[in-house]
Peer 1: 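Got a structure for you, questions after.
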Protein chains: 2
Amino acid sequence: MRQAHHPEQAEITLTEVMAALSDPIRVGLVRVLADGHERGWGELRAPVAKSTLSHHLRVLRDAGLTRTRQEGTRCYVALRREDLQARFPGLMHVVLTAAEIDDIGRQVGVKGGLAG
Amino acid sequence: MRQAHHPEQAEITLTEVMAALSDPIRVGLVRVLADGHERGWGELRAPVAKSTLSHHLRVLRDAGLTRTRQEGTRCYVALRREDLQARFPGLMHVVLTAAEIDDIGRQVGVKGGLAG
DNA sequence: TTCGATGTTTCACGAACATCGAACGTAGGA
DNA sequence: TCCTACGTTCGATGTTCGTGAAACATCGAA
């Protein structure tokens with residue numbers, strides 16, 4: 001559970017971001033984090049095994065979409081909206097809007113949320 | 001060489017578009033087509049075998065990013081900018097801007113072009 | 001120190017992908 | 001009719017991806 005690697009803002013690449021957003025589960029995770037609130041790992045709900053969820057969160061983290069923070073044994077995830085806006089202006093807005101309209105990643109939610 | 005399938009505008013999905021744009025060669029192809037001009041297959045220059053180029057063009061076509069038209073034994077490719085704009089407003093603009101800045105897919109060009 | 005909770009990593013597997021060369025099918029020209 | 005140019009499709013190969021089960025690592029509590 002060592003501290004994970006996060007790419008610098010300048011290291012974020014378009015193609016990696018696109019690849020990260022090519023899976024509905026990951027788009028769902030981004031949607032859950034879109035409000036800017038940090039979420040606890042255990043709060044997240046997705047119809048996959050926890051190892052798979054861990055894998056998806058890692059892909060998002062490696063692509064520079066999210067930032068993970070550790071606190072004791074818990075960890076918290078947040079969307080790197082400002083870095084993304086600086087790097088690819090407008091991208092997240094466009095993607096989130098499209099994802100909302102099509103309701104992509106609806107299977108993903110938070111504990112107590114609609115999809116919980 | 002039968003007529004290829006093109007998804008309807010409404011059938012274009014965000015995740016498929018993202019997946020299509022997760023490869024530098026394909027981003028390069030989209031950049032080449034970004035000016036709206038239709039391009040001949042043989043005009044396209046990419047550092048891959050023609051079967052591989054055919055594959056990439058197929059991925060773009062299947063995702064709804066491009067439209068292919070046949071004329072005799074030749075075929076012509078064009079970006080479906082209007083369909084994409086209607087489906088995911090602002091997406092292509094954002095992606096093309098980012099791709100230009102980072103010069104993604106620079107290896108792709110047209111006969112007689114800079115990367116030819 | 002022992003136990004339990006929380007994520008991460010490893011391993012294994014089938015599916016999908018990127019790639020190439022070769023074979024193929026189609027349309028035009030000789 | 002035969003030949004050629006143009007893309008597509010097929011077969012093969014190696015890589016990456018999504019997935020889950022199981023083992024592992026870390027921290028807090030008892």
Side-chain angles (χ1 to χ4, degrees), chain A residues 1-6 13 15-30 33 38-63 65-78 104-105 107-108 110-111, chain B residues 1-6 13 15-30 33 38-63 65-78 104-105 107-108 110-111:
Chain A
M1 222 140 85
R2 65 178 166 285
Q3 189 52 36
H5 172 254
H6 294 83
T13 68
T15 47
E16 236 178 321
V17 168
M18 297 311 240
L21 294 174
S22 69
D23 184 289
I25 297 268
R26 291 196 291 261
V27 173
L29 289 168
V30 169
L33 300 172
E38 190 179 57
R39 296 291 187 177
W41 207 106
E43 240 183 315
L44 302 172
R45 287 287 170 272
V48 292
K50 66 176 183 172
S51 58
T52 303
L53 182 56
S54 184
H55 162 70
H56 284 308
L57 288 170
R58 179 193 169 86
V59 172
L60 289 173
R61 193 195 327 115
D62 288 353
L65 284 162
T66 60
R67 192 178 298 283
T68 299
R69 181 177 63 83
Q70 252 181 281
E71 191 172 296
T73 66
R74 313 277 171 98
C75 61
Y76 299 86
V77 193
I104 295 173
Q107 333 137 29
V108 180
V110 285
K111 206 175 196 168
Chain B
M1 220 139 86
R2 65 178 167 284
Q3 190 51 36
H5 171 253
H6 294 84
T13 67
T15 47
E16 234 177 323
V17 169
M18 298 310 240
L21 294 174
S22 67
D23 184 291
I25 298 267
R26 291 194 293 259
V27 173
L29 290 168
V30 169
L33 300 171
E38 190 179 57
R39 297 291 188 176
W41 207 106
E43 239 182 316
L44 302 172
R45 287 287 171 272
V48 293
K50 66 174 183 173
S51 57
T52 304
L53 181 56
S54 182
H55 162 69
H56 284 308
L57 287 171
R58 179 192 168 85
V59 171
L60 289 172
R61 192 194 330 113
D62 287 353
L65 283 162
T66 60
R67 192 177 299 280
T68 297
R69 181 175 66 83
Q70 252 182 278
E71 194 174 295
T73 66
R74 314 275 172 102
C75 60
Y76 299 87
V77 194
I104 295 173
Q107 334 136 32
V108 180
V110 284
K111 207 174 193 169

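Note on naming: letters A, B, ... go to the chains in the order of the sequence lines (proteins, then strands), and numbering restarts at 1 for each one.
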Peer 1: Which nucleotide sits closest to the side chain of A/Arg74: D/dT19, C/dT6, D/dG7?
Peer 2: C/dT6
Peer 1: Can you tell me if the side-chain N/O atoms of A/Arg26 get under 4.0 Å from OP1 or OP2 in D/dG18?
Peer 2: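 True: A/Arg26 side-chain N/O within range (under 4.0 Å) of D/dG18 OP1/OP2.
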Peer 1: Could you tell me which nucleotide pairs with D/dA30 by Watson-Crick or G-U wobble geometry, both distances under 3.5 Å, or answer none if nothing does?
Peer 2: C/dT1
Peer 1: Mind listing the closest non-hydrogen atom pair of B/Gln107 and B/Ile25 along with its distance?
Peer 2: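 So the minimum-distance heavy-atom pair works out to OE1-CD1, 3.6 Å.
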Peer 1: Quick one: closest heavy-atom pair of A/Val27 and A/Leu21, and the distance?
Peer 2: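 Looking at all heavy atoms of both residues, the shortest contact is CG2-O, 3.3 Å.
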Peer 1: Among B/Leu60, B/Thr66, B/Val110, which residue meets the side chain to side chain contact (heavy atoms under 4.5 Å, CB included) test with B/Leu33?
Peer 2: B/Thr66
Peer 1: Please tell me if A/Ser54 has a side-chain N or O lying less than 4.0 Å from either OP1 or OP2 of C/dT8.
Peer 2: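 Checking C/dT8 against A/Ser54, a side-chain N or O does come within under 4.0 Å of OP1 or OP2.
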Peer 1: State whether B/Trp41 places a side-chain N or O below 4.0 Å from either non-bridging phosphate oxygen (OP1 or OP2) of D/dA5.
Peer 2: no
Peer 1: For the pair made of CG in B/Asp62 and P in C/dA18, what is the distance, rounded to whole Å?
Peer 2: 12 Å
Peer 1: Can you tell me the distance, in whole Å, between the CG atom of A/Leu44 and the P atom of C/dT8?
Peer 2: 11 Å
Peer 1: Tell me the interatomic distance from B/Arg69, atom CZ, to D/dC6, atom P, rounded to whole angstroms.
Peer 2: 16 Å
Peer 1: Can you tell me how far C1' of D/dC6 sits from CZ of B/Arg45, to the nearest Å?
Peer 2: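 My rounded result for the distance is 13 Å.
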Peer 1: Mind calculating the distance between CG (A/Leu53) and P (C/dG7) to the nearest angstrom?
Peer 2: 10 Å
Peer 1: Would you say A/Arg58 reaches C/dG7's phosphate, i.e. side-chain N/O to OP1/OP2 under 4.0 Å?
Peer 2: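 No.
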Peer 1: Indicate the atoms forming the closest heavy-atom contact of A/Arg26 with A/Ser22, along with that distance.
Peer 2: NH2-OG, 4.1 Å
Peer 1: Within a reach of under 6.0 Å around CZ of A/Arg39, are more than 12 heavy atoms found that belong to other residues, nucleotides or ligands?
Peer 2: yes
Peer 1: Taking atom C1' of C/dC20 as reference, at what distance in whole Å does atom CD1 of B/Ile25 sit?
Peer 2: 13 Å
Peer 1: Paired with D/dT15: which nucleotide, if any, by Watson-Crick or G-U wobble criteria at under 3.5 Å for both distances?
Peer 2: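 By the stated definition (distances under 3.5 Å), C/dA16 pairs with D/dT15.
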Peer 1: Which residue lies toward the 5' end of DNA chain D, A/Asp23 or A/Lys50, if each is placed at its nearest nucleotide?
Peer 2: A/Asp23
Peer 1: What is the distance, to the nearest angstrom, from the CG atom on A/Leu21 to the C1' atom on D/dG18?
Peer 2: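 Whole-Å distance recorded here is 16 Å.
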Peer 1: Would you kindly compare B/Ser51 and B/His55 by the position of their nearest DNA chain C nucleotide and give the one closer to the 5′ end?
Peer 2: B/His55
Peer 1: Rounding to an integer number of Å, can you tell me how far A/Glu43 CD sits from C/dT6 C1'?
Peer 2: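 So the two atoms are 14 Å apart, to the nearest Å.
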Peer 1: Please tell me if B/Thr52 has a side-chain N or O lying less than 4.0 Å from either OP1 or OP2 of C/dC20.
Peer 2: yes
Peer 1: Using a 4.0 Å heavy-atom cut-off across all strands, classify A/Val59 as base, sugar-phosphate, or nothing.
Peer 2: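 Nothing: the residue A/Val59, judged by heavy atoms under 4.0 Å, touches no strand.
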